[in-house]
Amino acid sequence: MKLDDIQTQKAFDYKYLLNRIFPYIKPLMFRILIAFFLAIPLGLLDGATAFVLKPYIDVVVNGQTLVLFGYTLTRDFLATIIPPGVVLFAAFQGTLRYLNTYLTDWISMTIANKIKVDLYQKLVYLDSKFYDDNSSGLVISRFLTDPDLAARMLIGVLKSLITAFTSSLGLIFVLLYNSWELAVVGVLVLGGAFIPMTLLRKHIKKISNKTTVVGGDITTVFNETYKGNKVITGYNLQEKEYSKVKQLIRKTFDLQMSLTKRVGWLSPIMYIIASVGIAFVLVFGNKLIIEGKLTTGSFASFITSLLLLYKPVKTLGNDLTNIQTIFVAINRVFELFDFNSRIEDTGKRELDFVPNNIEFKNVRFSYEDDKEILKGVSFEAKKGQTIAIVGNSGGGKSTVVNLLPRFYDVKQGGIYFDCVNIKDFSLNSLRNSISQVFQNNFLFSLSIKENILMGNPNATEQDLKRVIKAAHLDDFISSLENGIDTIVAEDGTSLSGGQQQRVAIARAMIKDAPIVVLDEATSALDNKSEQIVQKALDNLTKDKTVFVIAHRLSTIFNADKIVVLEDGNVVEIGTHNELLKAENGRYRALYNMQFKNQETNLEKI
């Protein structure tokens, strides 16, 4: 399935999404509750400054008398304690805010990292078709960006909601304490600011999905620029690639501005609503003061509280908008968890023997439903035989060898090891029995030693020395300053093509699997490199059952059986000499077209 086809169908099913993410939240629940508990006094204390304005103005400024719990508070006493009290209060609130922020960030990052780790585990077990269908940029975006947005923002926004909500409650209490009549008016007017929030949900979901896809495309282009820089330079494609990125960034800009255009007006609308409320309160409050129903201090405290109330109300509005974006991200994250590999590991048997017979029986396969690649392929290989697969480009050669380790599954027919369908074996045991050397072998950004040991992490130093010699790597490694511990550049770019192939061959050798697959392993090399690599391949394939997509003439000569593929069909099977005898045979035509010059060159040597 393609990632950009997903429509986030359950982005508004909050109960479902919370149930999905709860297993990641549950282990940290105690810390989360502490963070949320700290958020409560943070919010409530916002009203403290407004609350002390009433006694300060009424008693200190206007000289009125204040009796609290039977004690009369004098002007001098309040003038002395209120200013330092404000400073101490600010220090206390600042300490709470630091502790709350630290704890929230720790929780958020812990949840996000756990989700990333689990998503990566999911990613490495997905089948090859998934990687065929999805660009690297989109995969990186979906598997790294969404978990951050989903987890890190979720806890932060929930904390912010609690702080804003309790802050609003504290300030509303101050409003009611000073004048319940004015409080009713002010709260009703500010409450109207939440109405527009409900209109934005679907638009946020739509923009969020599109932005993710475009962001993935941008990442893909940057990846391709890095890996394909020589092609870009050699073919003067700089302006074309620049134009492509420019258009994608412009598209991202347009999507973001589309969201801003619809969401951005919330802040001014809320500001206007708040201004209307304050204006009404000023008129009504002035009337109450004249009538003697409200003191100057109460009115000042009320206005301060109402002005302070605008911030948490606005925060609540923004958080409710962000919550929708977060739930879209959560939905996208758990859609990734719901991806299932097309290759099901349902085999109950362990492949703990060396097959005496490997048979392709009427194998049909297609990458896409409307285009069949293999159309009933049948042939067999005996233990220790070398099977060369030849044919025109696009005939299905690589597909045949990719079906052996179940990178893909056959659509019809089957592949059998000693009459047992390979689907009956566990994937681990099946793939442990097969070594592969490809035309372009990927090397990791690790040392040469670590790259080789990927074939068998438990190999001994003696095994390592043996395969290095057999792969003709010893002279090359000895010439390096750090020897076998030399770090390979990303994708093996610090090594020549032949050196990369020999490292890959050593990796396959140390695995010591009974079945070897060679997918045009020397086709991209020059003659000198090919000769060295071929010697290494000869050592690798000794006493093994070998499937080789033939490129080199000597490989075909030495093959026990040649399978000729044309448009997904097996058109001929036999040895080199047998197939050449067929006067109008496909192999003979292919040989005359592709391999005869090689034979002439060999005779001259």
query = Is the closest side-chain heavy-atom distance between Val488 and Asn451 below 4.5 Å?
reply = yes
Heavy-atom check, side chain of Leu446 versus side chain of Ile487, under 4.5 Å = no
key: Single hit among Arg406, Lys122, Arg342 for salt bridge (Lys or Arg N to Asp or Glu O under 4.0 Å) with Asp127   = Arg342
task = Establish, yes or no, whether a centroid distance under 6.0 Å links the rings of Tyr120 and Phe143.
result = no
request  = Look at the rings of Tyr24 and Phe334 and say which category their plane angle falls in: under 30° parallel, 30 to 60° tilted, over 60° perpendicular.
outcome  = tilted
Step-by-step side chain to side chain contact (heavy atoms under 4.5 Å, CB included) determination, Asp338 to Arg20 = CA-CA 11 Å; Asp338 291 338; Arg20 292 296 301 269; 3.2 Å; yes
task = May I ask you to decide if the ring planes of Phe438 and Phe407 are parallel, tilted or perpendicular, using 30° and 60° as cut-offs?
result = tilted
remark   = The residue among Phe130, Phe365, Tyr131 that forms ring pair (Phe, Tyr, Trp, His ring centres under 6.0 Å) with Tyr408 is Phe365
query = Given the rule in the side chain to side chain contact (heavy atoms under 4.5 Å, CB included) test, do Arg507 and Leu443 qualify, once you have shown the distances and angles that lead to the verdict?
reply = CA-CA 10 Å; Arg507 182 165 61 195; Leu443 299 183; 3.9 Å; yes
message = In the structure I gave you, are the side-chain heavy atoms of Asp512 and Asn456 within less than 4.5 Å of one another anywhere?
response = no
query = Within a strict 4.5 Å, meaning less than it, do heavy atoms of the Leu88 and Phe92 side chains meet?
reply = no
ask   = Going by distance alone, is a donor N or O of one side chain under 3.5 Å from an acceptor N or O of the other, for Asn113 and Thr110?
value = no
ask   = Can a donor-acceptor pair be found between the side chains of Tyr367 and Asp133 at a distance below 3.5 Å?
value = no
inquiry  = Side chains of Ser447 and Asp485 only: does a donor on one sit below 3.5 Å from an acceptor on the other?
reply    = no
request  = State, yes or no, whether a side-chain contact exists between Lys116 and Asp148 at a heavy-atom distance under 4.5 Å.
outcome  = yes
ask   = Does Ser160 reach the main-chain N or O of Gly156 with its side chain, forming a donor-acceptor pair under 3.5 Å?
value = no
message = Quick one about Ser426 and Ser429 (side-chain donor to acceptor, distance below 3.5 Å, no hydrogens or angles considered), yes or no?
response = yes
